[in-house]
Amino acid sequence: MRFVISPAEVMETLAMVQSQKLDIRTITMGISLRGCSGASARTTGRKIYDRITRTASGLVEAGKAIELEYGIPIINTRISVTPVALVAEGLNAAGMACVAREMERAAAEVGVNFIGGFSALVHKGCTAGDRSLIDALPEALSVTERVCASVNVASTRAGINMDAVALMGGVIKDIAGRTAAAGGIGCAKLVVFCNAPEDNPFMAGAFHGVGEPDATINIGISGPGVVLRAVQEQPQADLGTLANTIKNTAFKITRMGELVGRVASRRLGVPFGIVDLSLAPTPTRGDSVAEILEAMGLERCGTHGTTAALALLNDAVKKGGAMASSYVGGLSGAFIPVSEDLGMIDAVVAGSLSLEKLEAMTCVCSVGLDMVAVPGDTPAETIAAIIADEAAIGMVNNKTTAVRIIPVPGMREGDRVQFGGLLGEAPVMRTSSFASHGFVRRGGRIPAPLQALTN
Amino acid sequence: MARRKASGAAPEEGHRLIITAVGHDRVGIIAGIANVLAEANANILDISQTILQGFFTMVMVVDVAHCTLPLDQLRERLVSKGAELGLVVNIQHEDVFKFMHRI
């Protein structure tokens with residue numbers, strides 16, 4: 001059979017990988033920990049360690065082999081597991097922290113850089129195990145490097161558990177304090193969700209949902225650079241045409257994820273879960289979602305029109321990506337993490353992008369207030385109120401929202417904190433100086449919203 | 001030119017690589033790359049040369065089903081031969097292009 005791809009198409013793909021930084025951001029293996037419950041922290045931890053190391057033994061090697069053979073950069077291989085609170089119900093906080101250490105050991109053994117799923121789902125209320133896990137978060141995230149945690153505090157069908165939201169405000173402050181030497185980096189490994197997806201391959205919010213099989217392969221792709229180039233090449237196009245260009249580009253990017261997912265699934269003998277077609281930026285020039293919005297004609301990301309531009313981008317990426325993959329899932333939208341996106345950082349520094357505008361942007365795109373640094377003296381109640389606002393947006397709009405916020409110890413508005421690597425660096429952003437204490441301290445649940453009468 | 005398989009049988013699916021070399025045109029580019037492939041018993045199925053955006057661009061389709069070298073070593077040799085000739089050499093699996101450009 002003759003090869004029928006034209007040289008121009010070959011070169012297009014090459015340019016995507018080489019100069020536009022298209023890559024597979026992560027191959028994430030979801031592993032069920034059901035059946036790993038034991039009578040003590042020790043036996044539970046040992047069972048979890050055994051299950052992870054047995055299931056994922058070939059994961060990293062398979063990722064490297066695929067990268068080599070296919071010539072596609074694969075940046076990370078990771079693991080997500082069943083929310084630990086479900087598996088380790090019955091343990092106290094010390095026991096939960098012990099389980100986190102076993103997860104860290106297992107992740108190091110198989111060679112992955114992150115393991116997600118030190119998680120609890122508490123949108124309607126906490127069990128004793130959920131509470132133990134939440135209490136264990138400060139220790140777990142300060143003594144481990146690879147373990148990522150998430151807590152689902154709200155959903156469209158259950159409402160917002162404000163008791164849990166208030167609790168998380170304090171927990172986040174505690175984690176920041178314990179990892180103060182590294183700029184509060186422990187908080188970068190904790191996501192507070194509304195409507196958390198069960199098959200998300202991206203950290204720190206990845207966990208293996210209760211409806212998932214024993215193991216799955218989920219793929220996250222990263223292609224802001226490719227979309228940026230496509231938008232830059234159409235400086236005069238009207239927005240309908242631009243949306244079409246983005247769709248075509250998203251299709252091609254997602255196909256690469258689909259290919260890698262199928263190959264990884266076949267080689268590892270693990271069912272293919274989903275491709276998450278999120279545009280995930282990296283702190284590299286040209287690999288930025290903010291730069292795409294600016295290429296669409298905004299002087300700076302965050303100015304008036306940013307929400308509309310982002311809505312167009314997010315929808316076009318979904319439309320193109322959905323056609324390219326047999327199974328799309330996870331978060332699947334544009335990410336707007338501040339510290340991981342050079343254009344976002346520049347916009348904050350220039351005074352164009354504020355926390356309030358970011359919040360508005362989260363109404364029309366994936367995730368939420370992600371990798372946002374705020375002053376170290378921000379009260380726990382204010383952090384809880386920020387989480388509550390974001391959860392309300394997700395609850396009412398029937399979408400996933402999340403908060404990954406770092407109150408950087410000792411830092412004030414305008415300072416810059418370095419996290420390094422993919423986590424980047426973040427300018428410390430302004431929060432409101434007016435208190436939210438009274439509202440947060442009321443506690444209770446915000447009832448689920450009406451799903452009709454939608455005006 | 002690399003040795004062609006005498007039988008002329010259809011090459012095995014899934015063992016084809018796309019090798020691209022981009023740079024300035026000069027004598028010996030194809031000979032140099034083809035030599036590395038011949039030494040490794042990799043069979044050249046198709047070659048095209050073109051000028052894209054001002055650069056000499058060569059695209060080769062190569063069957064590595066009977067390649068005697070591990071892929072990482074073949075990759076290394078091709079890249080260093082390319083560097084010798086002033087070219088940037090890339091190697092990707094054909095499926096990458098099929099998936100991206102054809103449904």
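Chain identifiers are assigned alphabetically (A, B, ...) following the order of the sequence lines, protein sequences preceding nucleic acid strands; residue numbering begins at 1 within each chain.
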Answer yes or no: are there more than 12 heavy-atom neighbours, outside [X] itself, under 6.0 Å from its atom [atom1]?
X	atom1	result
A:Asn248	CG	yes
B:Phe56	CZ	yes
A:Glu61	CD	no

Hey, are the side chains of [X] and [Y] touching, using non-hydrogen atoms and a 4.5 Å cut-off?
X	Y	value
A:Leu22	B:Met100	yes
B:His101	A:Glu12	yes
A:Glu69	B:His15	no

For B:Lys98 and A:Glu9, run salt bridge (Lys or Arg N to Asp or Glu O under 4.0 Å): C-alpha distance rounded to whole Å, both residues' side-chain angles, the deciding distance at 0.1 Å, then the answer.
CA-CA 10 Å; B:Lys98 280 188 177 166; A:Glu9 288 170 324; over 6 Å; no
Contact listing (chain B partner; residues 254-266 of chain A; heavy atom under 4.5 Å)
A:Arg255, A:Met256, A:Glu258, A:Leu259, A:Arg262
Just verifying a value: how many Å separate A:Met11 CE and B:Phe97 CZ, rounded to the nearest 0.5 Å?
9.0 Å
Residues of residues 79-92 of chain B with a heavy atom under 4.5 Å from any heavy atom of chain A, in residue-number order, are B:Asn90, B:Ile91, B:Gln92
With chain A, the option among B:Thr50, B:Val96, B:Leu71, B:Leu17 that has the most non-hydrogen atom pairs under 4.5 Å is B:Val96
Taking side chain as everything from C-beta outward and backbone as N, CA, C, O, which of these in B:Val22 sits under 4.5 Å from a heavy atom of chain A? Side chain, backbone, both or neither.
side chain
